[in-house]
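Since the structure comes first, as structure tokens, the remarks are kept for the end.
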Amino acid sequence: MILAVTAARYDEFTSAADLLDTAERLAAAHDTHRKPARSSQRGRGWITQWTRTAAPLVAATDASWKGRAGGIGYLASDGRYGLLGRGTGRLDPTGVSRVLINELRAVDFLLGAYEQPPVGMTVLLDSMAGVRWLHRWQAGKTDAMPAGYSLRQRRWSDQPTLVRLAGQVAARPDLVFAHVKGHSGHPLNEAADALSHMARRRQVETFDLRPRARALAEAFLRDWHATAAV
């Protein structure tokens, strides 16, 4: 592009046109007109003191929704945590199964924290419907999706979130998806619930999210590991 401008400045218009054509071809070849992908680390944190814990890896996920604002969250026993808020708009693909779909998005968000989720990892949900869908996908029924979920092309990803999740779950029969009763005092579930609420609230309120999320995750991790050690 700079060479084309320089050529035009010296009245070398034919050369400038050739250079612009070359620039357009290179841009198309490298797909530079696409919007950049969202960072895979957005909304994530890791309290590394728990990384080398010998106990089996357990994680909990949850979702929160109120009005037009929602949030998802997770906490894993190895210290990884995450939370994301989202709103609704004209092109929102969620459909009528809003709560269920966001419960499943939270699972996808958790699994995305790992290059490869560890073998035998246990994921806890307080949504029985969510657990049933995960087991259905593990059984190979990956074409099935919750009612109303749109499969249209996404701007930020090659696949809709739940399509990607279904494929990943089907390929990992070793992953354990289990139900935990919500608001029963389970530290990881309570943390995931609190993180999802925090992410939802941040959609409509202003506060410093990162230190609050880390402090919350750290407190519940201490509780979990103290209980697990008994």
Side-chain angles (χ1 to χ4, degrees), residues 37-65 69-86 102-127 130-131 134 156 161 164-165 168-169 172 174-230:
R38 292 178 179 176
S39 170
S40 62
Q41 297 307 308
R42 175 173 168 250
R44 303 187 192 279
W46 193 357
I47 302 170
T48 56
Q49 73 185 82
W50 308 109
T51 303
R52 299 186 183 279
T53 303
L57 181 58
V58 181
T61 63
D62 208 354
S64 173
W65 203 275
I72 58 177
Y74 67 82
L75 180 64
S77 59
D78 66 357
R80 299 176 200 245
Y81 66 92
L83 67 167
L84 280 180
R86 65 179 296 123
N102 281 285
E103 294 280 359
L104 294 168
R105 283 174 174 149
V107 175
D108 176 78
F109 188 35
L110 163 68
L111 298 183
Y114 299 88
E115 188 172 330
Q116 283 293 332
V119 173
M121 178 181 184
T122 296
V123 181
L124 303 174
L125 296 82
D126 58 18
S127 166
V131 172
L134 291 162
W156 299 101
T161 299
R164 178 178 63 244
L165 176 62
Q168 183 175 16
V169 166
R172 293 295 304 273
D174 61 285
L175 296 179
V176 178
F177 298 102
H179 179 255
V180 60
K181 185 178 180 181
H183 308 294
S184 62
H186 189 289
L188 298 181
N189 171 256
E190 295 290 349
D193 174 75
L195 288 168
S196 68
H197 277 75
M198 191 181 294
R200 173 183 58 77
R201 285 178 46 229
R202 188 62 180 80
Q203 293 293 101
V204 295
E205 301 176 26
T206 300
F207 56 87
D208 198 350
L209 185 66
R210 290 185 180 183
R212 290 193 189 189
R214 183 179 178 86
L216 186 151
E218 198 162 17
F220 278 107
L221 280 166
R222 283 197 300 268
D223 192 7
W224 166 258
H225 285 284
T227 303
V230 175

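Just so you know, residue 1 is the first one in the sequence shown, and it goes up from there. In this text the structure is predicted, and so the values were computed from the model without any measurement. Computation of the quantities below employed the complete heavy-atom set of this structure, encompassing side-chain atoms and omitting hydrogens, waters and symmetry-equivalent molecules.
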Looking only at heavy atoms, what is the nearest atom pair of V180 and L124, with distance?
-> CG1-CB, 3.9 Å
So CG of L221 and CD of Q49: to nearest 0.5 Å the spacing works out to 8.0 Å
Could you tell me which residues satisfy salt bridge (charged side-chain N to carboxylate O under 4.0 Å, His left out) with R172, sequence neighbours excluded, listed by chain and number?
-> D174
Of all heavy-atom pairs linking A106 and G73, the shortest is CB-O, 4.1 Å
If you take all heavy atoms of V123 and L125, which pair is closest and at what distance?
-> O-CD1, 3.9 Å
Start with the C-alpha gap between D62 and L195, add the side-chain angles, then the distance that decides, and say whether side-chain contact (heavy atoms from CB on, under 4.5 Å) holds.
-> CA-CA 8 Å; D62 208 354; L195 288 168; over 6 Å; no
Do L165 and R105 have side chains that get closer than 4.5 Å, going by heavy atoms?
-> no
Test ring pair (Phe, Tyr, Trp, His ring centres under 6.0 Å) applied to W50 - qualifying residues, sequence neighbours left out | H225
CD1 of I72 to CG of L110, rounded to nearest 0.5 Å, is 10.0 Å
L175 and P117 have their tightest heavy-atom pair at CD2-CB, 4.2 Å
Taking all atoms of both residues into account, what is the closest heavy-atom pair of L75 and A191, and its distance?
-> CD2-CB, 3.3 Å
Taking only residues two or more places apart in sequence, or in another chain, which ones meet P56 in a side chain to side chain contact (heavy atoms under 4.5 Å, CB included)?
-> none
Gap separating the CH2 atom of W224 from the OG1 atom of T53, nearest 0.5 angstrom | 11.0 Å
So which heavy atom on G85 is nearest to which on R42, and how close?
-> O-NH2, 4.4 Å
Side-chain touch V176/M121, heavy atoms, less than 4.5 angstrom = no
Rounded to the nearest 0.5 Å, how far apart are CG of L134 and NE2 of H179?
-> 12.5 Å
Contacts of type side chain to side chain contact (heavy atoms under 4.5 Å, CB included), residue E115, not counting sequence neighbours = none
Residues in side chain to side chain contact (heavy atoms under 4.5 Å, CB included) with T206, at least two apart?
-> none
In short, salt bridge (charged side-chain N to carboxylate O under 4.0 Å, His left out) pairs touching residues 207-221 with sequence neighbours left out are none
Go through the structure and list residues passing side-chain hydrogen bond (donor to acceptor under 3.5 Å, both in side chains) with E205, not counting sequence neighbours.
-> R201
Would you give the length of the straight line joining atom CZ of F177 to atom OG1 of T61, rounded to the nearest 0.5 angstrom?
-> 9.0 Å
What pairs with R222 under side-chain hydrogen bond (donor to acceptor under 3.5 Å, both in side chains), at least two apart in sequence or on another chain?
-> none
Those residues that, when tested against R44, pass side-chain hydrogen bond (donor to acceptor under 3.5 Å, both in side chains) (two or more places apart) = Y74
Any side-chain heavy-atom pair from N102 and R86 closer than 4.5 angstrom?
-> yes
With no hydrogens and no angle check, is any side-chain donor or acceptor of R202 less than 3.5 Å from a backbone partner on L209?
-> no
Residues in ring pair (Phe, Tyr, Trp, His ring centres under 6.0 Å) with Y81, at least two apart?
-> none
With D108, which residues qualify under side-chain hydrogen bond (donor to acceptor under 3.5 Å, both in side chains), at least two apart?
-> R164
Could you pull out all residues at least two apart from H197 that satisfy side chain to side chain contact (heavy atoms under 4.5 Å, CB included)?
-> S64, D193, R200
Point-to-point distance, once rounded to the nearest 0.5 Å, from OG1 of T161 to CZ of F109 = 11.0 Å
